[in-house]
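Notes to accompany the following structure.
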Amino acid sequence: MNFTSLLIEIADGVAVVTINRPAALNALNSDVLEELATVFAELEQNEDVACVILTGSGPKAFVAGADIAAMQSLDAVSAEHFAQLGHVLFNSIENFPKPVIAAVNGFALGGGCELAMACDIRIAAENARFGQPEVNLGVIPGFGGTLRLPKLIGKGRAKELIFTGDLIDAQEAYRIGLANKVVPAEELLTKARSMATKIAAKGPVAVRFAKESVDNGLEMDQARAGRFEAGLFGLCFATSDQKEGMQAFLEKRPAKFTGR
Ligand code: CO8
C-alpha cells in the first residue's frame, strides 16, 4: 500500500494508520480523505488485521481540522460535496467491522475531533487538545460534529463547545467522556498498541458483533435493541470461535480464535 499522505504499519494483528502532513498539522484535504477511504477498504479485507489505530504524524497534532486553505475558495456545491466525502468516510470508519482506536497525539480540532469521534475509542496524550472551532471561521462542523459530539458528551456540553469554539485539554476531555483515557505523550502509541493487541486476541466475530450491537442499539428503542442483541448473541453460536472459546474455558487453556 503506497500513499502520499498516510503511513501504514501492520504487526501482530494491528494496523497503525498515521496521517502524515505534519507541516499542515495533518489537516484533512480531499487527498487525505480519499487515501483514508482506500486504506480502510483494504484493511477491511486484510485478514491479518483485527484492530486499527489511527494517529497523526509529529508531536503537535492528531489532525488540526479540515484543510482551511483548501476550503477557503469552495462554493456552496463543492463545500457540500467535500462535507459529504467526509461523512461517507467517517460513517465507514464508525461502521468498520473491526475496532478503530484514535491515538490523539495533540490537536484534534474541527474535522480532527470529528474523525476521532468516528473511532470506537479515543486515547489522549497529555498534550492533546480537542475542540470544534468552526464558528471562528464562520462555518459549522461539517463532518458529523453536531451529531456525534452530543451523543458522546451530552447536548448541553456539545452545544457549549460548538458555540464557543473553546478548546479543552486531555483531562477535561476525559472528565466529560470524550477521551477514554489520558496517557503520557511518549507512551501514547505503546498504550494504544497494547489495547489493540488485547482486542486483537479476542474472538474477532464476537468483537464485530459487539460493535454492531452497541452502535445499532443506540439508534433503536429498547425492545428492538434487545432483539437485535439477542439475534447477534444467537449468531455467535454458529461460529467456531464460540465453540473454541467455551471449550478452552472448560479445559482451562487459552482460546485460539480463528475468526470463523
Ligand atoms: N488547515 C490548514 N492548515 C492548517 C490547519 C488547518 N486546519 N491548521 C494548521 N494549519 C497549518 C498552519 O496554517 C501553519 O502552516 P504554515 O506553517 O504554512 O503557516 C501550520 O499548520 C502550523 O500551524 P500554526 O503555525 O498555526 O501552529 P500554532 O501552534 O501556532 O497553532 C493551532 C496551532 C491552534 C492548531 C492553529 O494552527 C489553528 O488554529 N489551526 C486551525 C484549527 C481549526 O480552525 N480547525 C478547524 C478547521 S474547519 C473544519 O475542520 C471543518 C470540518 C468540516 C468541513 C466540512 C467541509 C466543508
Side-chain angles (χ1 to χ4, degrees), residues 3-7 17-37 40 54-94 100 102-119 122 124-153 157-173 178-179 182 185 188:
F3 297 101
T4 53
S5 311
L6 302 179
L7 303 171
V17 176
T18 305
I19 299 170
N20 188 31
R21 296 187 71 212
L25 302 187
N26 306 317
L28 303 172
N29 57 20
S30 33
D31 288 348
V32 178
L33 296 183
E34 278 159 17
E35 289 196 353
L36 281 171
F40 272 95
L54 191 55
T55 193
S57 186
K60 228 174 136 174
F62 172 70
V63 167
D67 191 313
I68 299 168
M71 280 188 298
Q72 186 196 11
S73 56
L74 294 181
D75 61 22
V77 172
S78 41
E80 186 187 352
H81 176 76
F82 186 51
Q84 203 48 40
L85 197 63
H87 272 279
V88 170
L89 170 66
F90 290 13
N91 288 342
S92 80
I93 293 175
E94 191 169 62
V100 183
V104 182
N105 56 311
F107 291 111
L109 305 182
C113 187
E114 292 169 305
L115 177 58
M117 289 192 291
C119 299
R122 284 151 293 285
E126 276 166 349
N127 67 326
R129 296 188 78 194
F130 296 80
Q132 297 288 164
E134 285 89 345
V135 288
N136 294 328
L137 303 166
V139 296
I140 68 168
F143 290 157
T146 62
L147 314 172
R148 292 194 176 92
L149 193 58
K151 281 191 187 153
L152 276 170
I153 66 172
R157 283 199 174 110
K159 284 182 173 172
E160 181 183 341
L161 278 182
I162 293 167
F163 296 172
T164 62
D166 281 349
L167 307 194
I168 55 170
D169 65 18
Q171 285 301 342
E172 177 65 359
L178 184 51
V182 182
L188 177 64

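Order of listing sets the numbers, starting from 1, for every ligand and every atom in it. The figures here come from the full heavy-atom set of this structure, side chains too, leaving out hydrogens, waters and symmetry mates.
Sorted by first then second residue, the salt bridge (Lys or Arg N to Asp or Glu O under 4.0 Å) pairs that include residues 125-153, not counting sequence neighbours, are Glu94-Arg148, Lys151-Glu219.
The shortest heavy-atom contact between Gly142 and His87 is O-NE2, 3.1 Å. Between Ser30 and Leu85, the shortest heavy-atom distance links the atoms CB-CD2, 4.0 Å. In terms of heavy-atom proximity, Leu28 sits nearest to Val63 at CG-CG1, 3.6 Å. Shown here for Pro133 and Gly110, the closest heavy-atom pair between the two residues is CD-N, 3.4 Å.
Taking the ring centroids of Phe82 and Phe143, they lie under the 6.0 Å cut-off.
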Exercise answer, ligand 1 polar atom pairs (N/O) under 3.5 angstrom:
| unit_1 | atom_1 | unit_2 | atom_2 | d |
| --- | --- | --- | --- | --- |
| ligand 1 | 1 (N) | Ala66 | O | 3.4 |
| ligand 1 | 1 (N) | Ile68 | N | 2.9 |
| ligand 1 | 7 (N) | Ala64 | O | 3.1 |
| ligand 1 | 7 (N) | Ala66 | O | 3.0 |
| ligand 1 | 21 (O) | Ala23 | O | 3.3 |
| ligand 1 | 27 (O) | Lys60 | NZ | 3.4 |
| ligand 1 | 29 (O) | Lys60 | NZ | 2.7 |
| ligand 1 | 45 (N) | Ala64 | O | 2.9 |
| ligand 1 | 50 (O) | Ala66 | N | 2.8 |
| ligand 1 | 50 (O) | Gly111 | N | 2.8 |

